[in-house]
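First up is the structure itself, then whatever we jot down about it.
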Amino acid sequence: MTMGSAHSRRTVLGGSLALAAALAARPVLASGSPATTTRTLMAPGGREVSVSEWGPEGTARGTILFSHGAGSAPWHYDLILAPWIAAGYHVLAPLHVDSREHPRTKDFPGLASWKTRIEDMRLLIAEIGETPFIAAGHSYGGLVATTLGGSQGVAPEGISLPFYPRLATAVVAFSPPAPVPVLMTAEGYGKIAVPALIQTGTIDNPPGIDDPESEAWKGHLAPFDAAAEGGNRYGLVLQGANHYFGGIICDDSQPGPPQLAQIDLANRYVGLFLEAYGQGDAAAKSALDARITDALPARLMAK
């Protein structure tokens with residue numbers, strides 16, 4: 001995953017395309033912005049972990065632990081995180097060592113990031129104590145989020161099982177990768193044990209696959225496909241969505257145009273899922289289940 005130089009993007013705080021104008025009007029969730037606080041936690045070996053934190057005014061309705069995509073950083077996800085904050089969630093997101101904006105990236109080449117990502121999320125769980133939490137992430141971070149929901153990744157050297165002392169109450173994974181032998185098998189994905197929403201798009205193909213007829217994007221649904229029946233797992237496919245929503249999440253150097261309609265749909269469905277499985281709202285669950293369909297532009301599957 002490549003990262004370009006950051007430029008200013010503005011936050012959409014609603015579920016309506018009418019709010020697209022807010023892209024030019026609201027503050028970004030940038031590192032160090034007034035909406036952000038940063039804390040530093042200490043990982044094994046004295047490794048410092050910088051954690052971005054956003055919260056609503058007043059008491060939070062819930063806690064979300066977010067893991068960013070490879071090479072990215074938490075502040076490249078304003079169009080995903082801002083609606084959660086506006087809905088009353090407290091969001092914590094570490095800057096993983098594989099980020100191109102991490103000061104020690106070169107010290108952790110290759111798969112060294114896998115071990116440190118698990119350590120980062122362990123730190124966050126310890127930091128919030130017994131507070132229930134929802135796990136969320138994009139791409140590599142989507143895979144991490146599924147492990148917080150019980151999927152069993154391949155344990156890197158130095159990491160004991162279980163990965164975490166307790167699990168998330170629910171998982172939201174944007175474009176998690178297909179099984180990767182050194183990280184996650186299909187069988188491992190199948191061990192997810194909590195409600196989950198797994199998202200991809202019809203042009204969310206891996207790098208190097210440019211064929212518009214390719215269905216390689218379906219690999220991102222592996223956690224949904226492998227999950228057992230009856231556990232409130234959902235697969236969401238958005239027509240015309242790619243891995244970066246046209247460069248408005250994760251990596252703003254990616255070609256556009258911005259996929260605002262697709263991010264709007266993603267936020268609507270994720271919002272319903274959070275109400276249903278983060279807040280226990282039966283009406284939201286019914287509304288989400290009523291949207292189950294094979295039809296595009298938003299194909300919602302459930303098992």
Side-chain angles (χ1 to χ4, degrees), residues 1 62-70 72 74 76-77 79-81 83-84 89 91-94 96 114 117-118 120-121 124 133-154 163-164 167-180 183-202 204 206 217-228 231-238 241-245 249-250 262-263 265-274 276-278 288 298-303:
M1 186 176 300
T63 297
I64 298 176
L65 306 185
F66 181 80
S67 180
H68 63 72
S72 190
H76 292 288
Y77 290 90
L79 294 184
I80 287 176
L81 303 186
W84 302 347
Y89 283 94
V91 179
L92 293 150
H96 298 303
W114 178 219
R117 278 178 173 254
I118 297 166
D120 292 351
M121 304 317 285
L124 291 190
F133 68 94
I134 295 162
H138 170 249
S139 194
Y140 193 177
L143 184 152
V144 171
T146 70
T147 68
L148 287 157
S151 69
Q152 185 54 68
V154 178
F163 280 3
Y164 311 108
L167 297 181
T169 57
V171 166
V172 176
F174 292 85
S175 299
V180 181
L183 298 177
M184 178 71 70
T185 64
E187 181 183 10
Y189 267 144
K191 295 185 183 297
I192 195 164
V194 301
L197 177 64
I198 312 299
Q199 180 272 331
T200 188
T202 58
D204 187 9
W217 56 267
K218 291 184 176 179
H220 295 293
L221 292 172
F224 171 77
D225 293 336
N232 297 312
R233 263 75 75 155
Y234 297 84
L236 176 63
V237 179
L238 301 177
N242 68 14
H243 203 62
Y244 308 96
F245 287 89
I249 67 166
C250 185
Q262 289 84 352
I263 201 77
L265 280 171
N267 286 335
R268 288 173 183 266
Y269 280 80
V270 170
L272 278 175
F273 178 82
L274 293 178
Y277 297 102
L288 186 64
R299 178 182 300 144
L300 185 66
M301 303 166 285
K303 59 172 24 178

Tell me, with the steps shown, if I263 and I80 meet side chain to side chain contact (heavy atoms under 4.5 Å, CB included). CA-CA 8 Å; I263 201 77; I80 287 176; 4.1 Å; yes
Take M301 and V237 through the side chain to side chain contact (heavy atoms under 4.5 Å, CB included) test and state the conclusion after the steps. CA-CA 9 Å; M301 303 166 285; V237 179; 3.9 Å; yes
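One distance of note links NE2 of H138 with NE2 of H243; it measures 4.0 Å at 0.5 Å rounding. Considering CG of L183 and OH of Y140, their distance stands at 5.5 Å, rounded to 0.5 Å. Atom-to-atom distance recorded for W217:CH2 and N242:CG is 13.5 Å, nearest 0.5 angstrom. Rounding to the nearest 0.5 angstrom, the gap separating the CG atom in N232 from the CG atom in L288 is 9.5 Å. Taking CZ of F163 as the start and CD1 of I118 as the end, the distance is 3.5 Å to the nearest 0.5 Å. Residue L124 holds its CG atom at 5.0 Å from CE of M121, rounded to the nearest 0.5 Å.
Using the six-membered ring where Trp is involved, F174 and F245 have ring planes that are perpendicular, over 60° apart on the 30 and 60° scheme.
Looking at S139, its side chain never comes within 3.5 Å of a backbone N or O of G69 through a donor-acceptor pair. No donor-acceptor pair under 3.5 Å is formed between the side chain of H68 and the backbone N or O of A93. No donor-acceptor pair under 3.5 Å is formed between the side chain of H220 and the backbone N or O of G201. In this structure a side-chain-to-backbone donor-acceptor pair under 3.5 Å is present from W114 to V154. Looking only at distances, no side-chain donor or acceptor of H76 sits under 3.5 Å from a matching main-chain atom of I249.
Not a single salt bridge (charged side-chain N to carboxylate O under 4.0 Å, His left out) links D204 to another residue, sequence neighbours left out. The side chain to side chain contact (heavy atoms under 4.5 Å, CB included) check on A196 picks up V171, I192, I198, R233, with sequence neighbours excluded. Taking the side chain to side chain contact (heavy atoms under 4.5 Å, CB included) definition, one finds that A302 meets it with Y234, I292, sequence neighbours left out. Every residue meeting the ring pair (Phe, Tyr, Trp, His ring centres under 6.0 Å) condition with F273, not counting sequence neighbours, appears here in chain and number order: Y277. The side chain to side chain donor-acceptor pair (under 3.5 Å) check on K303 picks up nothing, with sequence neighbours excluded. Under the side chain to side chain contact (heavy atoms under 4.5 Å, CB included) criterion, L167 pairs with A193, sequence neighbours left out. Under the side chain to side chain contact (heavy atoms under 4.5 Å, CB included) criterion, T169 pairs with P132, I134, sequence neighbours left out. Partners of F66 according to the ring pair (Phe, Tyr, Trp, His ring centres under 6.0 Å) rule, which considers only residues two or more places apart in sequence or in another chain, are Y77. Partners of Y269 by side chain to side chain donor-acceptor pair (under 3.5 Å), not counting sequence neighbours: none found.
For the residue pair A145 and A135, the shortest heavy atom distance occurs at O-CB, 3.7 Å. Nearest heavy-atom pair, T146 versus L143, reported as atom, atom and distance to 0.1 Å: OG1-O, 2.7 Å. Heavy atoms only, all atoms of each residue included: A170 and V194 are closest at CA-CG2, 3.9 Å. What you find for S72 and C250 is that their closest heavy atoms are OG-O, 2.9 Å. Taking every heavy atom of both residues into account, Y189 and P176 meet most closely at OH-CB, 3.8 Å. Contact detail for T185 and P179: the closest heavy-atom pair is C-CB, 4.0 Å.
In this structure, L148 and F133 have side chains that are in contact, with non-hydrogen atoms separated by less than 4.5 Å. Contact annotation: the side chain of D225 never approaches that of K218 to less than 4.5 Å [non-hydrogen atoms, C-beta and beyond]. For the pair L274 and I64, the minimum side-chain heavy-atom distance is below 4.5 Å.
In summary, the side chains of T147 and Y164 do present a donor paired with an acceptor at a separation below 3.5 Å, with no hydrogens or angles considered.
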